Each structure stands twice: as structure tokens, then as C-alpha cells.
Amino acid sequence: MPQAVEPSPQKPVKASWYNNQFPCGIGKRWYDSARDLKSGTHNMHRWSALFIPTLREAPADAEVASHKFLVRAGYIRQLMAGVYSYLFLGNRSFNKIIAIVRQEMDKIGQEFFLPALHSREVWEASGRWSLMGDNLFRLKDRKGADLALGFTAEEVVTEIARKELRSYKQLPQIWYQITPKFRDEPRPKSGLLRVRQFTMKDSYSFDVDAAGLDVSYKKHYDTYCRIFDRCGLKYMVVEADSGAMGGKESHEFMVRTRAGEDQIVSCDGCDYAANMEKATSKLEPAQDLKPEGDGKPLEVHTPGQKTIEDVAKFLVVSPKNKIKTLALMTDEKDASGKKKSRAIIVLMRGDHQLNEAKLNATVAVATRPMEETEIEAMFNSPAGYLGPVGIEWAKDIKKDIDRPVLLVDKALEGRTNLIAGANKKDYHLKNLTPGKDFHPTAYADLRAVNAGEACPNCGRPLRIDTAVEIGHIFKLGYRYSETMGAHVLDKNGKEVMPIMGSYGIGIERILTAAVEQNNDENGFWLPRSIAPFEIVVTPVNVKEETMFKAAVDIAAKLESAGFDVILDDRDERPGVKFKDADLVGIPFRVNVGKKVTEGTVEVVLRSTHEVRDVTITAIVEYFQGVLRAHA
RNA sequence: CGGGGAGUGGCUCAGCCUGGUAGAGCACCUGGUUCGGGACCAGGGGGUCGGAGGUUCAAAUCCUCUCUCCCCGACCA
């Protein structure tokens, strides 16, 4: 029989089906079955015909729960380090997350689709072509021109803004996209948690002034809360390090989990929460020593006493009266590519630890510990007896670039009569007062917070947890407008730069965090809003006709009521189907077993394995009730 | 990039030390029995042992180089 070649008269395809059809199925709508039913194209999802490759055992190289289970449940398969394919179930869950993100973002912004392939020129223009180093994926086209794969899109949107925005009347703008991002991570890890290709919702705001940016920022803050609420995540919002770019304000949306890479400090007593890189605590005031002798720096013999503890014990003082001197170096390349090193000396209170992230943010460049020869050269003393006295420190970190930098932690500001090394083997100095006996380049908050220290707001003990970052909002300021030359005319006809914000959500991480938050030894369960299916209908034995027919019937009824249903019609033993159902993240299961003869089936809640008998006639009403409760 | 570990049917792994016919469980195919928490019996298919080179009569096994993956660190919007 010849196949019909002519297109049959179909329902007109809505444009939305074609919009945003891009790799990874991004933008593909997971459509409500009711519409398909009406159009007569509906096919019930039958497990037997689907590709859901579940595994009994976790892959040997998987470490964290989400990685193990997403592979075992047939959501993902690895192509190479940090690059994954999303299979049927994974993609379905993915698209549900994206649909939520899109729905909420559409309320505040406009969706774009920006290229993944970027020109070198825009990255040069922002200064990030060299700044990004190896993290930026680079490639060449056939003409040998340099290209990059999209890392984020500040450059691309600013390029558009630069060319197109002319007047304050066009502001504010919020532009967003949901597209793959590429980062050549030094170490991809933990399944989907840190990958080299991932999907990010990134948005960018342009406002005429800082007050406008505050509004755009707040809109994102609120929208992110709605998105994560709808995704069923337990999350917290923390103050984040605004980084070296000079941004003012930044918040991270964090989900507590052991698998996380970030450390967050929070208070159970109030709403204080901050990234470790930013967190502070209330210090109990330390008792200063009384001056000895004439109050001038006083050399004391401390033979063989090198560590803070040793010296404190030897001199019978508290480590709180000691200065810890940390000798660090930065290696930078100047314009000619020549390596230039600069000493960064950090003073901490004797019992405090340095937080490297805070230091990096302060000096805006990576540091390394000084080598022994470098220490000798600078201090004329072996390590263990280092101190700030007798060295000409830079007065300004940016201007005095030929002198070493002395950064002093704020906990030492205002303290008197401290003890530090004398830059002489076996000697320390007493009676040291910052600002009098030595002159810091700057005071800065460089101290690492410890669990149990007092909350800066309410004084109750702080806790420290590991967490996954699922979203980050950031007041960019003028960095890109300035470097790339974007400007508009304001009300007075004066040329001003638009002030920008940038905002990101990691789509994969929403899924990962949800799995990390909801799993047991048998598998995981997803919030129904992001689960690939809401209900799995499981006929215990497909060869028993009454059972099977009842199951098909129930699945069809639930579907036409608008539920997202999969029918496990496989001719497998019940144990196999139950195990798979528990594994793959579907929050509800309907067991169709012997009790069908009495008109009853079982509804199983995956999270608790709570079982409830429900009459078949009431099954739709039952779920409508449950979902109202779960809404 | 530094440190550690691993590459053997689709998956989990044994075999390697001490060189001599490539193994097990699961999965898969056929037939049968079973059917409420990963069944059983019988038969069957499938592996250049990551790759290259070397030593040897003979290499999964010993040696050299190399690629890939995982973990810790460094790094990370």
C-alpha cells in the first residue's frame, strides 16, 4: 500500500512548538495530555515501549547519591568527563523544570536565544578573553579565527545593548535565556553537580540608575524564590561574596546537602545566612596586655619557640594577644608577559584562621605561600619569627606596586601591645600596636568563621553546612557597560551608562539538589512539579486480564483528569516493577492487584511508602485531593 | 597542574603477585515453570583484556610510553 505522501490536513502547528527547539530539547514543551487527547493524537505512556534503562547497581565511579541514582534510574548517561546525555526520564524532568523557570521569568523579562558560539572580539572587549584563562572553551574556525563557547553571556547582551539602546525610555530591560553553557572545569565531578556543559537560565538587567537596578534585582530575588518553591526545594538565600569585580550586592540560593561544594554559615536563631567567603561572626572582646618597659617595641628572647601556641605558652599570654604573620606571594604577568611577583603579608589574631576566599576577593588575584628563600630574602629571618616591624609597606595596594602589601585582619584593628616575631631567629617583639609601630596597607575582614561562634545579628551560635549553589543573583554595576561602551541618554540629554545586573540558575542543579534532598537506599522521589511522571500505575500481573484492564482504565482516567501518568505494562514480576518504581523518582504509585475484584487499588506515597486503599471510582478525586494538599 | 586509584562481554567484578585454553553474578536471546518487593530450570549469543611498542617459544599477567575515567587538593560564575 502506498504511503500517503501529501501532508494530511492537520491541526495548525502552533509557533510555540517550533520556538526554542534546540539541543537538549531545551524549550520543548512537555504538553498536557488533555490537549493531545482532544486532538486524538494521544498515546498513553507505556513503560514497555519506553527506553528507561534502569540499573541494579550503581556505576563504580559514582560517589554522590544524585549521581548514582540518576544513572541507575536511566535519567542520564555519561559521554565524557563532565558531559552527560539526558535520556527520556531525565529530559522529561528537565523540561518540567525549564517550564517552571520560563513561566516565572516571563513575568519579569523577555526570553532570548543567544548563540553558544562567541567571537573573540566581544570577550576581548570586556577583558575576559585573557581573564578567563583555561576555563573558557576556545576553538578556531576554518579561517583560523578564534572563537569561544558561551560561558555566560554578559558580553553578548552588552554588545546588543551597546548597539541598540539609545534612550532611558527604553529602560529598564530584563533579557533572559535558557541555554547550554560551556566551562572547561579543571575538575568536573559528582555527576551533574559540576560539569563542563550544562544548562543555565541566565538573565541580564539594564537600568538607568542604581535605584532601577535595585528594582530589577529584587524582581529576580522574588522570582527565584517562586521558582525554587515551585520546584519543591528546601533552600536558603545567603549573602555571597561580590567578588573582585567591585559589585555591591550578591545573593546565592543554596540547598543544604553533603554533596555540596560550598560552605554556608547560618543562624538557627535569626535569618542570618552567608557564604563562608563572606560570613562574619561577633567577636568577644579580647583583653589587651599592659605595655612593658617604656612601651616601645621590646625584643624578647624566645629560643626555639616557633608556633603561636609555643610562644604564647612560653611568654604566659593568650594566643589572642599574638599576631600570626602569614607570608604569601602573588604571581602576575605584566603586559609583556613577564612574570611579576609581589609579597602579600597577612596579619591575623593568633587564634584565628585566614579565609582564602576573602583574601582573594581583597587582593583580586590568586596567592600562594611564600617559599623559604623568598621569606629569608624579605624578612632576613627564618619562618617562625616573622613580624611586621621594620619593613616599608605599601601605602596603597594599587599605587605602591613596588612595595610589599601588609593586610591586617579587622580583629586586630584597635588592639594594643600585641606580640609578633622580631624578624630575627629566636626573638619576638612585645608592645606592638598597629598604626603606631607598623603601618598596614589596609585593614580587611580576612578571618574564617568557625561553627559555634556568635551570630553577628543575634549572638546565637552559628552553624556551618555544605551546600549546592542553585542560583546566584548579582549586581554587576558598570563593568560591562564601561568596557564595552554601552550608553544611553538620560532625561536631561546627558550620556549615561546603563547599570547592569546578572542572574543565573543552574537547571541541572535543581534536579541534582532535589535528588540529594529526597532519597533512600532504594532510589529517590521528586516533587511532583518536576518529576518525569506524577503517577505510575502498576498492574501487579499484566496477564490477569481484570487487573490489566483496570490498570489501563485507571491510567486513562487519571490522564484525562490532567495527571502525568505512566503505565507499567511490562510483563515482569511485581518485585521488579516495584523496585523500578521506587528507583525512578515518581512520587505516587497505584498498585492494581487482587483487590480490583472488590473495586479497590492501593495508592503508595513513594517518600514514606505509606499505603492507602482507594476505590477505583474515587481514584481521580483522591489524587485531586492529595495534590491540593501538596500544592 | 600536584597526589592517589581504576580501565577485563551492556553492568558489577575475579583472574595479574608466581606468563601457558579468558571467568563469575546480573543483563540479553530461546523454551518451559512461576507471578505482591529485583524468581527458577534448561539451552544460547556476546570480550582485539583502554591503546601503542617491547621482553618471551608464549603476555590480561612482566617492562616502557600513552589515552581515558574517578577521588583528594589547587582552581571554580
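This structure is a prediction, so every number in the text was calculated from the model and none was measured. Proteins come first, then strands; the chains are lettered A, B, ... in the order of their sequence lines, and each starts at number 1.
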Novice: Is A/Glu610 salt-bridged to A/Arg612, cutoff N-O under 4.0 Å?
Specialist: yes

Novice: The side chain of A/Arg589 is closest to which nucleotide in this list: B/G36, B/U12, B/G37?
Specialist: B/G37

Novice: For A/Glu239, is there an ion pair with A/Lys278 - N to carboxylate O distance below 4.0 angstrom?
Specialist: no

Novice: Using whole Å, report how far CG of A/Leu87 lies from P of B/G10.
Specialist: 17 Å

Novice: State the pairing partner of B/A14; accept Watson-Crick or G-U wobble contacts with both distances under 3.5 Å, and report none otherwise.
Specialist: none

Novice: Have a look at A/Lys543 and say if it touches a base, only the backbone sugar-phosphate, or nothing, with a 4.0 Å heavy-atom cut-off.
Specialist: base

Novice: Applying side chain to side chain donor-acceptor pair (under 3.5 Å), which residue pairs with at least one partner in residues 584-596 of chain A are found, sequence neighbours left out?
Specialist: A/Asp582-A/Arg589, A/Arg589-A/Asn591, A/Asn591-A/Glu602, A/Lys595-A/Glu602, A/Lys595-A/Asp613

Novice: Give A/Gln78 one of three labels, base, sugar-phosphate or nothing, depending on what nucleic acid heavy atoms sit under 4.0 Å from its own.
Specialist: sugar-phosphate

Novice: side-chain hydrogen bond (donor to acceptor under 3.5 Å, both in side chains) with A/Lys549: which residues, sequence neighbours excluded?
Specialist: A/Glu545

Novice: Rounding to a whole Å, what distance do you find between A/Asp568:CG and B/G38:P?
Specialist: 15 Å

Novice: Hey, can you pull the donor-acceptor pairs under 3.5 Å for the side chains in residues 572-579 of chain A, sequence neighbours left out?
Specialist:
residue	atom	partner	partner atom	Å
A/Lys577	NZ	A/Pro539	O	2.9
A/Lys577	NZ	A/Asp568	O	3.2
A/Lys577	NZ	A/Arg570	O	2.9

Novice: Can you give each donor-acceptor pair under 3.5 Å made by side-chain atoms of residues 498-509 of chain A, sequence neighbours left out, with the distance rounded to 0.1 Å?
Specialist:
residue	atom	partner	partner atom	Å
A/Ser502	OG	A/Glu154	OE2	3.3
A/Tyr503	OH	A/Ser205	OG	2.7
A/Glu508	OE1	A/Thr199	N	2.9
A/Glu508	OE2	A/Tyr86	OH	2.5
A/Glu508	OE2	A/Thr199	N	3.0
A/Glu508	OE2	A/Thr199	OG1	3.3
A/Arg509	NE	A/Leu193	O	3.0
A/Arg509	NH1	A/Glu469	O	3.0
A/Arg509	NH2	A/Leu193	O	3.0

Novice: Might you list the N or O atoms of the protein lying below 3.5 Å from N or O atoms in nucleotides 22-26 of chain B, with each pair's distance?
Specialist:
residue	atom	partner	partner atom	Å
B/C26	O2'	A/Arg56	NE	3.4

Novice: Who is the Watson-Crick or G-U wobble partner of B/C76, with both distances under 3.5 Å?
Specialist: none

Novice: Quote, to the nearest angstrom, the P distance that separates B/G9 from B/G47.
Specialist: 11 Å

Novice: By the side chain to side chain donor-acceptor pair (under 3.5 Å) test, which pairs, at least two apart or in different chains, include something from residues 50-60 of chain A?
Specialist: A/Thr54-A/Asp580

Novice: Does B/A52 have a Watson-Crick or wobble mate here (both distances under 3.5 Å), and if so which one?
Specialist: B/U64

Novice: In Watson-Crick or G-U wobble terms, both distances under 3.5 Å, what is the partner of B/U30?
Specialist: B/A42

Novice: If you look at every strand shown and take non-hydrogen atoms under 4.0 Å, does A/Arg72 touch a base, only sugar-phosphate, or nothing?
Specialist: base

Novice: Which part of the nucleic acid, if any, lies within reach of A/Asp580 when heavy atoms closer than 4.0 Å are counted: base, sugar-phosphate only, or nothing?
Specialist: base

Novice: Students often get this wrong, so: under 4.0 angstrom with heavy atoms, is A/Glu252 touching a base, only sugar-phosphate, or nothing?
Specialist: nothing

Novice: Would you measure the distance from the C1' atom in B/U61 across to the matching atom in B/A14 and give it in whole Å?
Specialist: 14 Å

Novice: Please list all pairs meeting salt bridge (charged side-chain N to carboxylate O under 4.0 Å, His left out) that have one or both residues in residues 67-82 of chain A, counting only residues at least two apart or in different chains.
Specialist: none

Novice: Using the P atoms only, state how far B/U18 lies from B/C1, rounded to an integer number of Å.
Specialist: 34 Å

Novice: Pick one: which of A/Phe524, A/Phe51, A/Phe88, A/Tyr84 meets ring-ring contact (aromatic ring centres under 6.0 Å, His included) with A/Tyr75?
Specialist: A/Phe524

Novice: If you pin A/Val611 and A/Ala81 to their nearest nucleotides in RNA chain B, which one's is more 5'?
Specialist: A/Val611

Novice: With rounding to whole Å, what would you report as the distance between B/A22 and B/U48 at their C1' atoms?
Specialist: 13 Å

Novice: Give each protein N/O atom lying under 3.5 Å from an N/O atom of nucleotides 40-44 of chain B, with the pair distance.
Specialist:
none

Novice: Does the gap between the ring centers of A/Tyr622 and A/Phe588 come in under 6.0 Å?
Specialist: no

Novice: For nucleotides B/G10 and B/A77, find the distance between their P atoms and express it as a whole number of Å.
Specialist: 40 Å

Novice: A/Gly504 near the nucleic acid: base, sugar-phosphate alone, or nothing, with a heavy-atom cut-off under 4.0 Å?
Specialist: nothing

Novice: Could you check whether A/Pro53 gets within reach of a base, just the sugar-phosphate, or nothing at all, counting any heavy atom under 4.0 Å?
Specialist: nothing

Novice: Please enumerate all residues that pass side-chain hydrogen bond (donor to acceptor under 3.5 Å, both in side chains) together with A/Gln517, with sequence neighbours excluded.
Specialist: none

Novice: Base, sugar-phosphate or nothing for A/Ala62? Non-hydrogen atoms, less than 4.0 Å.
Specialist: nothing

Novice: A/Asn541 has an atom CG; how far is it from atom C1' of B/U34, in whole Å?
Specialist: 10 Å

Novice: Who pairs with A/Glu277 by salt bridge (charged side-chain N to carboxylate O under 4.0 Å, His left out), at least two apart in sequence or on another chain?
Specialist: none

Novice: Among residues two or more places apart or on two chains, list those pairs meeting salt bridge (charged side-chain N to carboxylate O under 4.0 Å, His left out) that have a residue in residues 193-204 of chain A.
Specialist: A/Lys181-A/Asp202, A/Asp184-A/Arg196, A/Glu185-A/Arg194, A/Arg194-A/Glu261

Novice: Nearest whole angstrom, please: distance from the P of B/C70 to the CE of A/Met80.
Specialist: 11 Å

Novice: Distance check, C1' atoms only: B/A74 and B/G4, in whole angstrom units.
Specialist: 15 Å

Novice: Any strand counts, and the cut-off is 3.5 Å on both contacts for Watson-Crick or G-U wobble. Which nucleotide pairs with B/A22?
Specialist: none

Novice: Taking B/G19 as the reference, what is the distance to B/U55 when you measure between their C1' atoms (whole Å, please)?
Specialist: 11 Å

Novice: Within the structure shown, what part of the strands sits under 4.0 Å from A/Asp582 by heavy-atom distance: base, sugar-phosphate, or nothing?
Specialist: base

Novice: Give the B/S/- string for nucleotides 71-77 of chain B, one per nucleotide from 5' to 3', where a protein heavy atom under 4.0 Å of the base yields B, of only the sugar-phosphate yields S, and otherwise -.
Specialist: BBBBBBB

Novice: B/G37 pairs with which nucleotide, Watson-Crick or G-U wobble, both distances below 3.5 Å?
Specialist: none

Novice: Decide, yes or no, whether a salt bridge links A/Lys475 with A/Asp214 under the criterion of side-chain N to carboxylate O below 4.0 Å.
Specialist: yes

Novice: Would you confirm whether the ring centroid of A/His251 sits within less than 6.0 angstrom of the ring centroid of A/Tyr221?
Specialist: yes

Novice: In whole angstroms, how far is the C1' atom of B/G37 from the CD atom of A/Glu572?
Specialist: 13 Å

Novice: For B/G15 and B/G32, measure between their C1' atoms and round to the nearest Å.
Specialist: 35 Å

Novice: If you look at every strand shown and take non-hydrogen atoms under 4.0 Å, does A/Asp202 touch a base, only sugar-phosphate, or nothing?
Specialist: nothing

Novice: Between C1' on B/G37 and CZ on A/Phe578, what's the gap in Å once rounded to a whole number?
Specialist: 7 Å

Novice: Starting at atom CG of A/Asp571, determine the distance to atom C1' of B/A39, rounded to an integer number of angstrom.
Specialist: 13 Å

